[in-house]
2 protein chains.
Amino acid sequence: MTRTAHPSNFPAKQMLSERVYAHLRDAIMRGDHAPGDALKPQDIAKEQGVSLAVVREALVRVVGEGLADRLPNRGFAVPSFSDRRWQEIAEARRSIEPVVLRMSIERGDVDWEARVRAAHHRLARTPAFVPEEGEYYSSAWSEAHRVFHRTLLEGCGNLVLLDTFDRLWTASELARRFSAHRDPDRDHVGEHRRLEEAALARDADTAAEVLVRHLTQTAAALTGCAPQTTEA
Amino acid sequence: MTRTAHPSNFPAKQMLSERVYAHLRDAIMRGDHAPGDALKPQDIAKEQGVSLAVVREALVRVVGEGLADRLPNRGFAVPSFSDRRWQEIAEARRSIEPVVLRMSIERGDVDWEARVRAAHHRLARTPAFVPEEGEYYSSAWSEAHRVFHRTLLEGCGNLVLLDTFDRLWTASELARRFSAHRDPDRDHVGEHRRLEEAALARDADTAAEVLVRHLTQTAAALTGCAPQTTEA
DNA sequence: ATAACATAGATAATCGATTATTTGCTGAAT
DNA sequence: ATTCAGCAAATAATCGATTATCTATGTTAT
């Protein structure tokens with residue numbers, strides 16, 4: 001029998017559209033599809049075992065986050081950004097993140113300090129590359145990297161600014177994936193250590209400067225990663 | 001007969017979901033619904049004469065832009081932000097827009113200067129209040145206001161930063177609507193004139209300072225406008 | 001009277017099928 | 001050979017109906 005016994009907090013079987021959305025988002029961020037590839041609702045519906053409506057909803061959400069393009073009456077596609085757009089994303093980060101970092105350093109409390117230390121520790125102990133995942137940064141490292149950078153900013157206590165960071169980070173990560181640029185010579189560990197030290201020492205000037213340099217190098221590693229130019 | 005003669009560029013009958021989306025967005029931004037009001041797909045579908053699927057797609061887009069909330073299995077609703085969130089939006093603008101304005105002033109070309117002048121002219125000549133629209137700023141003035149502020153920043157030439165501005169502006173306008181705060185004593189005209197002058201004189205320091213003051217006053221006018229506290 | 005339970009109605013989520021648009025192909029006309 | 005109209009297949013967009021979930025109301029046991 002289909003008794004829907006719901007004793008207080010049930011595992012909360014999430015909506016199908018949520019599941020499809022997460023799957024789609026992960027697939028795109030993981031680089032499963034090449035830039036410009038069509039995302040056909042019917043194919044996705046079949047492989048996910050759901051109807052077109054839920055796929056459509058998920059795709060619309062993905063488009064809203066900039067993880068896919070939509071051409072009316074012509075379907076959805078993995079975005080293929082121009083070099084110019086990659087540079088704009090990087091510049092936006094260089095413009096905004098230092099400002100937020102300064103606020104964070106000024107306002108962050110002890111709990112924030114502790115979380116910065118924890119995030120840095122995890123990042124430093126996670127290998128950036130593992131054989132199984134080829135040329136790409138390991139997914140564990142990518143996540144630890146994101147959490148470290150976000151935690152650095154979380155002291156600002158402003159959810160709107162953090163949401164802005166999240167958007168820029170997502171766009172930036174997409175760029176990193178498509179660039180397939182390994183850049184093994186780069187001293188990630190040192191850069192992140194200096195960031196952590198300056199932040200915990202409440203040295204906003206140094207922290208902001210280190211962050212801008214960090215972002216500039218990231219941007220440099222991404223130039224020339226755009227296969228096509230599909231910008232409006 | 002249903003011959004779809006398509007001689008080159010046809011009026012391009014847009015998708016229904018696009019129309020519904022625009023209608024929904026306008027209705028929310030115009031303040032047609034009170035914060036917290038449910039946005040029922042069935043009602044909207046009936047009054048728009050479309051199926052549930054298109055309404056659903058439009059609603060998902062609207063949620064993505066922060067113009068509506070979604071509670072899984074519980075439907076969509078007009079967002080009711082907390083006071084804290086309004087302040088965060090205002091702070092985000094104060095943090096980000098001055099930085100972009102500086103870039104814009106540094107990089108803007110003659111065409112940008114001309115567009116700033118045009119936008120300011122239009123704003124200055126548009127009445128902020130008209131009897132027909134009651135206590136609210138007139139929609140013509142609101143649009144001219146948006147265009148002026150955006151044009152000021154457009155010299156930066158960075159679409160990602162401008163998109164960030166657009167998001168913050170939308171959130172900010174929603175706040176203004178819900179606050180229903182007329183604030184007739186405020187010298188909008190003078191503030192905008194000083195902004196224009198400083199920008200065209202390429203005086204970034206003054207322009208940034210004026211902008212921050214402008215935004216601070218806007219924020220002050222919005223405190224105490226949150227009817228409920230539905231923040232996570 | 002109150003709290004746990006059951007049931008009915010409303011509404012959200014999903015589905016399967018239909019309609020509309022685009023795209024690629026074929027063949028005739030230049 | 002090239003261009004362009006006219007089909008045909010693919011796929012995007014939409015619809016009407018079904019299923020799942022929530023909410024409010026009413027009932028019964030303490």
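Here is how names work: the chains are called A, B, and so on, in the same order as the sequence lines, proteins then strands, and each is numbered from 1. Please read these numbers as outputs of a predicted model, since none were measured by experiment.
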Please report, rounded to the nearest Å, how far the [atom2] atom of [N] is from the [atom1] atom of [X].
{"X": "B:N73", "N": "D:dT23", "atom1": "CG", "atom2": "P", "answer": "9 Å"}
{"X": "B:L39", "N": "C:dT11", "atom1": "CG", "atom2": "P", "answer": "13 Å"}
{"X": "B:K40", "N": "C:dT11", "atom1": "NZ", "atom2": "P", "answer": "4 Å"}

Fill in: Pairing residues for B:R30 by the side-chain hydrogen bond (donor to acceptor under 3.5 Å, both in side chains) criterion, not counting sequence neighbours
B:D32
Practice prompt. List in chain and number order the residues that pass side-chain hydrogen bond (donor to acceptor under 3.5 Å, both in side chains) with A:N73, two or more places apart in sequence or in another chain; answer none if no residue qualifies.
Written response: none
Discussion item. For the residue pair A:H149 / A:H145, report whether a side-chain donor-acceptor contact shorter than 3.5 Å exists.
Written reply: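 Note: A:H145 and A:H149 side chains meet the donor-acceptor criterion.
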Worksheet entry | B:V60 and B:R70: CA distance, side-chain angles, deciding distance, side chain to side chain contact (heavy atoms under 4.5 Å, CB included) verdict | CA-CA 8 Å; B:V60 168; B:R70 178 176 195 177; 3.8 Å; yes
Tabulate atom names and distances for all N/O pairs under 3.5 angstrom spanning the protein and nucleotides 14-18 of chain D.
from	atom 1	to	atom 2	distance (Å)
D:dT14	OP1	B:L16	N	2.3
D:dC15	OP2	B:S51	N	2.7
D:dC15	OP2	B:S51	OG	3.1

Discussion item. Restricting to non-hydrogen atoms, name the atom on B:L153 and the atom on B:E97 that form the minimum distance, rounded to 0.1 Å.
Written reply: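 B:L153 and B:E97 have their closest heavy atoms at CD2-O, 3.9 Å.
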